[in-house]
There are 2 protein chains.
Amino acid sequence: MAVSVKEVAAEAGVSVGTVSNVLNRPQVVSERTVDKVAAAIEKLGFVRNDAARQLRAGHSRNFGLVVLDARNPFFMDVTQGAQRRALDNGYTVLMGSSDSSLTTEGQLLDLFEEQRVAGVLISPMHSDLSRLWKIRDSGTPVVLVDRGSGDRSFSSVSVNDVEGGRIAAQHLVDLGRKRIAFVGGPQSIEQVQHRLEGAQSIIAGTADAVLQYLPTAQLTVLEGRAVGERILAMEPEQRPDGIFAANDLLALGILQALVMSGSLSVPEDIALVGYDNIAFAESAVVPITTVRQPAEEIGRTAVDVLLREAEAGEDAVREQFVFTPKLVIRESTVGADNAS
Amino acid sequence: MAVSVKEVAAEAGVSVGTVSNVLNRPQVVSERTVDKVAAAIEKLGFVRNDAARQLRAGHSRNFGLVVLDARNPFFMDVTQGAQRRALDNGYTVLMGSSDSSLTTEGQLLDLFEEQRVAGVLISPMHSDLSRLWKIRDSGTPVVLVDRGSGDRSFSSVSVNDVEGGRIAAQHLVDLGRKRIAFVGGPQSIEQVQHRLEGAQSIIAGTADAVLQYLPTAQLTVLEGRAVGERILAMEPEQRPDGIFAANDLLALGILQALVMSGSLSVPEDIALVGYDNIAFAESAVVPITTVRQPAEEIGRTAVDVLLREAEAGEDAVREQFVFTPKLVIRESTVGADNAS
DNA sequence: TTATGAAAATGAATCGTTTCAATCACCCGA
DNA sequence: TCGGGTGATTGAAACGATTCATTTTCATAA
């Protein structure tokens with residue numbers, strides 16, 4: 001059914017080698033022949049078989065990208081940035097979501113290995129990078145996304161999460177909040193861990209401020225809503241007056257629960273800070289103060305690094321990019337009244 | 001660098017054919033041999049080369065999915081549903097976003113053809129399906145997603161958009177709104193066109209109700225905000241008192257502009273209805289009334305249909321699934337006061 | 001002991017593209 | 001007219017997994 005170079009060659013009255021040359025290095029082929037072959041391709045509707053091409057090349061022109069949660073707009077933005085930059089260099093990006101599951105993460109990596117991707121971009125779950133070591137040893141470059149590589153053994157493009165945690169906590173403290181809650185989890189996700197650490201460091205250095213940790217199983221709106229319910233059910237004297245959520249989805253969920261109840265108001269009773277600055281944080285019931293990460297730029301940069309590593313091969317230099325997060329202040333901490 | 005079946009065969013002391021059998025039909029191989037081969041695979045870290053496998057098979061085990069906008073949570077949900085169902089059947093889904101550009105849509109289809117995908121799922125831009133005909137003629141099944149196939153020449157999984165438009169407009173009319181605005185575009189997107197038609201049919205049948213069309217170039221939050229500005233700038237007497245936005249992103253943007261201005265309130269001055277029921281519609285400044293589409297189910301069903309077509313080959317039966325949309329009423333039309 | 005058949009294992013051919021050493025065509029200067 | 005050189009073209013080998021017709025092995029019945 002499918003047309004192959006062989007048939008194109010027959011139609012154009014040339015050899016298969018020539019057809020291949022027309023496809024890949026037209027400058028070495030005479031103009032007349034290029035035209036003949038182009039006509040044959042057009043006539044027969046020939047489409048290159050990428051599998052055969054890859055087989056010969058030994059690897060594909062796809063990068064594999066593993067994100068923690070495809071439904072989180074933050075990761076969609078990262079993906080978008082990566083996709084575009086890759087496309088500009090003749091590569092495509094296969095995106096998979098690990099959904100914070102180690103098993104799924106492994107399956108995706110299996111898949112990418114079978115597909116012989118030209119490189120792996122991954123926002124890994126935890127600190128055991130042995131699987132990634134193996135992949136790189138087999139010749140496939142790996143770049144960590146949204147997560148630093150402690151020992152610099154991998155290239156990475158990340159944001160300083162500890163600093164992000166500090167910024168958020170400091171902001172709450174500056175507003176005079178004393179009973180701060182950190183919402184997020186699982187702790188096995190390093191980003192969450194670091195944001196918590198940052199917050200802890202600020203609270204520890206602040207007189208009579210206390211930090212309580214409200215763990216969640218995932219970083220979703222639904223989990224956020226559940227935490228909101230839990231907060232509503234607390235005794236007033238132990239209820240937090242400032243909440244730092246590990247991402248905007250959680251913050252959105254918490255906000256929803258609080259607002260729907262009608263008994264607690266944001267930011268008067270509870271000030272709320274999120275993380276990521278997804279587009280929807282701005283259009284929330286109460287626009288959410290958040291810590292901005294340059295999502296698209298992270299994606300773009302990660303692909304750039306990967307391209308360089310792929311280019312360099314064996315003796316590639318590891319690069320560490322660390323962006324600095326920025327606080328975006330909105331009504332969920334400062335209130336519309338105070339703001340204007 | 002990479003280990004091939006040949007080396008595994010040597011290590012295990014068997015032939016390559018046997019290794020392949022162990023991989024694909026272990027039941028025809030003696031248990032002892034299976035163990036030997038498994039040990040060799042483990043020892044050498046062998047990973048199947050999918051390109052070679054595909055080359056032989058003539059097609060891959062990937063489906064290609066083209067959505068209109070990867071950043072729209074609605075399509076992410078569709079993708080998620082498709083991804084999961086595909087994975088359960090041993091397939092994977094390559095997702096690409098056409099970003100409402102015909103050129104990009106074409107590029108993605110080129111890519112999918114080169115990759116010899118086992119099937120195409122597409123939310124096509126316009127009604128010229130000739131490209132899709134060609135793809136199907138070459139033996140690759142095609143299923144339209146979120147869009148019916150007028151003449152039933154393609155299988156499709158969609159939602160009745162005309163009905164959705166009717167529901168939304170009827171709701172606004174029932175609330176006593178007379179000057180209705182439809183926001184959305186480009187009209188080349190059939191879904192938008194149909195929703196508009198539905199709204200028109202209701203308005204046409206309602207005494208002294210008028211419909212004005214506010215076109216947009218895309219269905220994004222940003223465009224929505226621009227429309228919001230435009231509405232704010234209108235003379236009060238020609239300003240709409242009810243808005244039907246072609247999707248929730250637009251609605252969110254419009255809402256943002258109106259609320260930020262502080263001069264017009266929702267729903268008192270303007271009632272607002274969106275479309276899709278994305279998760280963020282519920283957590284908006286004013287929770288948005290919207291028309292729900294069963295996103296994940298659409299994705300799942302589409303893959304089911306594709307699997308059946310792929311199975312059946314030539315003489316596949318075309319299937320048309322049309323879901324019925326449902327109105328989800330929230331404060332953007334009914335107001336918190338009236339609601340409780 | 002030998003014949004018989006089932007089970008297991010083999011290995012060559014195949015998929016479609018790319019690469020590269022070898023060949024061919026052609027022009028120019030001697 | 002011939003040799004040398006350049007540019008264009010050729011065709012066979014290679015990539016790695018799968019398939020299938022063939023061969024080998026082995027247990028059992030005669």
Side-chain angles (χ1 to χ4, degrees), chain A residues 1-38 40-41 44-62 90 110-111 113-118 138-139, chain B residues 1-38 40-41 44-62 90 111 113-118 138-140:
Chain A
M1 183 109 255
V3 182
S4 76
V5 274
K6 209 183 293 180
E7 299 161 66
V8 173
E11 173 74 26
V14 298
S15 73
V16 292
T18 300
V19 175
S20 179
N21 281 335
V22 170
L23 255 26
N24 302 296
R25 306 115 89 194
Q27 67 281 7
V28 309
V29 183
S30 77
E31 204 171 323
R32 217 167 48 86
T33 310
V34 170
D35 291 344
K36 269 194 307 183
V37 172
I41 287 177
L44 300 176
F46 166 79
V47 177
R48 227 210 223 87
N49 183 329
D50 202 52
R53 200 236 263 269
Q54 279 183 38
L55 175 57
R56 187 85 231 287
H59 63 89
S60 72
R61 289 184 72 78
N62 297 141
D110 286 345
L111 200 70
E113 285 204 273
E114 287 195 3
Q115 305 246 0
R116 296 290 190 273
V117 293
S138 76
Chain B
M1 185 109 255
V3 182
S4 76
V5 273
K6 209 183 294 183
E7 298 162 65
V8 172
E11 173 73 26
V14 300
S15 72
V16 293
T18 300
V19 175
S20 179
N21 281 335
V22 170
L23 255 26
N24 302 296
R25 305 114 90 194
Q27 67 281 5
V28 310
V29 183
S30 77
E31 204 172 324
R32 217 165 49 86
T33 310
V34 170
D35 292 344
K36 271 194 305 183
V37 172
I41 287 176
L44 300 176
F46 166 79
V47 177
R48 229 211 223 87
N49 183 328
D50 202 52
R53 200 233 262 270
Q54 280 183 37
L55 176 55
R56 189 83 230 289
H59 61 91
S60 71
R61 290 185 71 78
N62 296 141
L111 199 70
E113 285 203 273
E114 288 196 1
Q115 305 247 2
R116 298 290 191 274
V117 293
S138 77
T140 306

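Every chain is numbered from 1 and lettered A, B, ... according to where its sequence line falls, protein lines coming before strand lines.
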So what does [X] hit on the nucleic acid, given a heavy-atom distance under 4.0 Å: a base, only sugar-phosphate, or nothing?
X	result
A/Val19	nothing
B/Thr18	base
A/Arg116	nothing

Rounded to the Å, how far apart are [X] [atom1] and [N] [atom2]?
X	N	atom1	atom2	answer
B/Leu55	C/dT18	CG	C1'	12 Å
B/Asp50	C/dC15	CG	C1'	14 Å
B/Glu7	D/dA17	CD	P	9 Å
B/Glu113	C/dG16	CD	C1'	16 Å
B/Arg32	D/dC26	CZ	P	9 Å
B/Lys6	D/dC15	NZ	C1'	9 Å
A/Gln54	D/dA17	CD	C1'	14 Å
B/Asp35	C/dA8	CG	C1'	15 Å

Walk me through it: do A/Ile41 and A/Leu23 pass the test side chain to side chain contact (heavy atoms under 4.5 Å, CB included)?
CA-CA 10 Å; A/Ile41 287 177; A/Leu23 255 26; 3.6 Å; yes

So which one's nearest nucleotide on DNA chain D is more toward 5', A/Val16 or B/Arg53?
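First, find each residue's nearest nucleotide; the 5'-ward one identifies A/Val16.
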
Can you see if the side chain of [X] gets near the phosphate of [N] - specifically, an N or O under 4.0 Å from OP1 or OP2?
X	N	result
B/Ser30	C/dA7	no
B/Thr33	C/dA9	yes
A/Ser15	D/dT10	yes

Here's a test of your reading of the structure: between A/Val5 and B/Val14, which maps to the more 5' nucleotide of DNA chain C?
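Residue closer to the 5' terminus by nearest nucleotide: B/Val14.
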
Minimum-distance nucleotide (side-chain atoms of [X] versus [options]):
X	options	result
B/Asn24	D/dT18, C/dA8, C/dC15	D/dT18
B/Asn21	D/dA8, D/dT19, D/dG16	D/dT19
B/Asn49	D/dT9, D/dA17, C/dT10	D/dA17
A/Ala52	D/dC15, D/dT19, C/dT17	C/dT17
A/Leu23	D/dT10, C/dT18, D/dA8	C/dT18
A/Ser20	D/dT10, C/dG16, C/dT18	C/dT18

Carefully, step by step, assess B/Asp50 and B/Arg53 under the rule salt bridge (Lys or Arg N to Asp or Glu O under 4.0 Å).
CA-CA 5 Å; B/Asp50 202 52; B/Arg53 200 233 262 270; 3.6 Å; yes

Checking only heavy atoms, does the side chain of B/Arg56 share a donor-acceptor pair with the base of D/dT18 at less than 3.5 Å?
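Side chain to base: pair found, below 3.5 Å.
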
Does B/Arg48 make a side-chain donor-acceptor contact with the base of D/dA17, cut-off 3.5 Å?
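No, the side chain and the base share no sub-3.5 Å donor-acceptor pair.
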
Using atom types as modelled and distance alone, determine if a side-chain donor or acceptor of B/Glu114 lies under 3.5 Å from a backbone N or O of B/Leu111.
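Pair absent, no side-chain N/O of B/Glu114 close to backbone of B/Leu111.
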
Sidechain-backbone polar pair: B/Arg48 side chain, B/Val5 backbone, donor-acceptor under 3.5 Å
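A pair under 3.5 Å: no.
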
In Å, rounded to the nearest 0.5 Å, how long is the span from OG of A/Ser4 to CG of A/Leu44?
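Spacing of OG (A/Ser4) from CG (A/Leu44) equals 9.5 Å.
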
Atom of A/Asn49, atom of B/Arg116 and distance for their closest heavy-atom approach
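That closest heavy-atom pairing would be CB-NH2, 3.7 Å.
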
